[in-house]
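Report on one structure; see the data block that follows.
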Amino acid sequence: MKKSFLPALILVPILAITLFFAFAPDAQAALVQCGGKGQEPCTFCDFFVLLHNIIEFALFQLGPALVALMIMIGGFLIITGAGNPSQVNNGMNTIKWAVLGYLLMMVSWVIVNTIFIVLDFNTSWSGLEKWYEIQCR
């Protein structure tokens, strides 16, 4: 029972936050910024804008919150595992892998950005100022 409850405890808030931002009344906060009342109809390019918005949401808004949650869970395991070295080890591993996973995501973004800057992808190849921005209109 305990093992099946923890994923639900983590996934339900993530789903709620994602659905809120996908259908937010404010057009600037929504993941999909087309097809609504008073907005232009969606095109194929808007699918890539949606993917871009999901990635940015996951990296810069959802990721730090999940890392903080995993650090709290790991700390709780360490504190409550006073006489049990395996529980303390699980807590330490939870903290370590949460921080390393998020750090890997951020470092990979920086590496791709650095490669594109060195290759001068932004101006000579694509004509865009920033490679990670998508412009449909």
Side-chain angles (χ1 to χ4, degrees):
M1 176 82 181
K2 283 185 178 181
K3 290 183 181 181
S4 64
F5 182 68
L6 186 61
L9 184 67
I10 293 172
L11 291 177
V12 168
I14 292 171
L15 181 63
I17 291 170
T18 305
L19 289 175
F20 172 75
F21 279 102
F23 301 106
D26 183 16
Q28 296 299 323
L31 290 175
V32 180
Q33 298 180 0
C34 64
K37 289 184 179 179
Q39 295 176 335
E40 298 179 15
C42 293
T43 62
F44 184 68
C45 182
D46 290 317
F47 174 73
F48 295 106
V49 172
L50 171 67
L51 291 177
H52 175 284
N53 290 342
I54 290 172
I55 290 170
E56 276 196 353
F57 176 73
L59 282 177
F60 302 116
Q61 294 177 355
L62 193 60
L66 288 178
V67 170
L69 177 68
M70 295 308 292
I71 289 172
M72 287 188 285
I73 290 171
F76 179 76
L77 289 174
I78 292 170
I79 289 172
T80 59
N84 189 353
S86 66
Q87 188 173 351
V88 172
N89 191 27
N90 285 343
M92 295 290 279
N93 283 337
T94 301
I95 293 172
K96 176 178 75 172
W97 290 113
V99 171
L100 285 176
Y102 189 69
L103 190 64
L104 179 67
M105 286 192 313
M106 288 295 142
V107 168
S108 65
W109 192 92
V110 169
I111 289 171
V112 169
N113 191 37
T114 304
I115 289 171
F116 281 168
I117 288 173
V118 167
L119 294 177
D120 197 26
F121 177 79
N122 295 346
T123 55
S124 64
W125 290 4
S126 67
L128 300 173
E129 292 180 23
K130 298 176 183 173
W131 65 271
Y132 49 87
E133 288 183 356
I134 299 175
Q135 299 171 355
C136 287
R137 294 170 180 85

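For this chain, numbers begin at 1 and follow the sequence in order.
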Pairwise side-chain hydrogen bond (donor to acceptor under 3.5 Å, both in side chains) hits with a residue in residues 94-105, at least two apart: none

Who pairs with Phe48 by ring-ring contact (aromatic ring centres under 6.0 Å, His included), at least two apart in sequence or on another chain? Phe44

Who pairs with Phe76 by side-chain contact (heavy atoms from CB on, under 4.5 Å), at least two apart in sequence or on another chain? Thr80

Euclidean distance, Leu59 CG relative to Met106 CE, rounded to 0.5 Å: 4.5 Å

Check side-chain contact (heavy atoms from CB on, under 4.5 Å) between Asn89 and all other residues, then give those that pass, not counting sequence neighbours. Asn93

Would Leu100 end up clustered with Met70 when hydrophobic side chains under 4.5 Å apart are linked, directly or stepwise? no

Same cluster for Ile79 and Leu77 if Ile/Leu/Val/Met/Phe/Trp/Tyr side chains link at under 4.5 Å? no

Got a sec, which residues hit side-chain hydrogen bond (donor to acceptor under 3.5 Å, both in side chains) with Ser108, two or more places apart in sequence or on another chain? none

Looking at CD1 of Ile73 and CG of Leu66, how far apart are the two atoms once the value is rounded to the nearest 0.5 Å? 9.5 Å

Please list, chain by chain and in numerical order, all residues satisfying side-chain contact (heavy atoms from CB on, under 4.5 Å) with Ile71, sequence neighbours excluded. Val67, Ile95, Val99

Between the CD1 atom in Ile54 and the CG atom in Leu62, the distance rounded to the nearest 0.5 Å is 11.5 Å

Applying side-chain contact (heavy atoms from CB on, under 4.5 Å) to Ile111 and not counting sequence neighbours gives Val107, Ile115

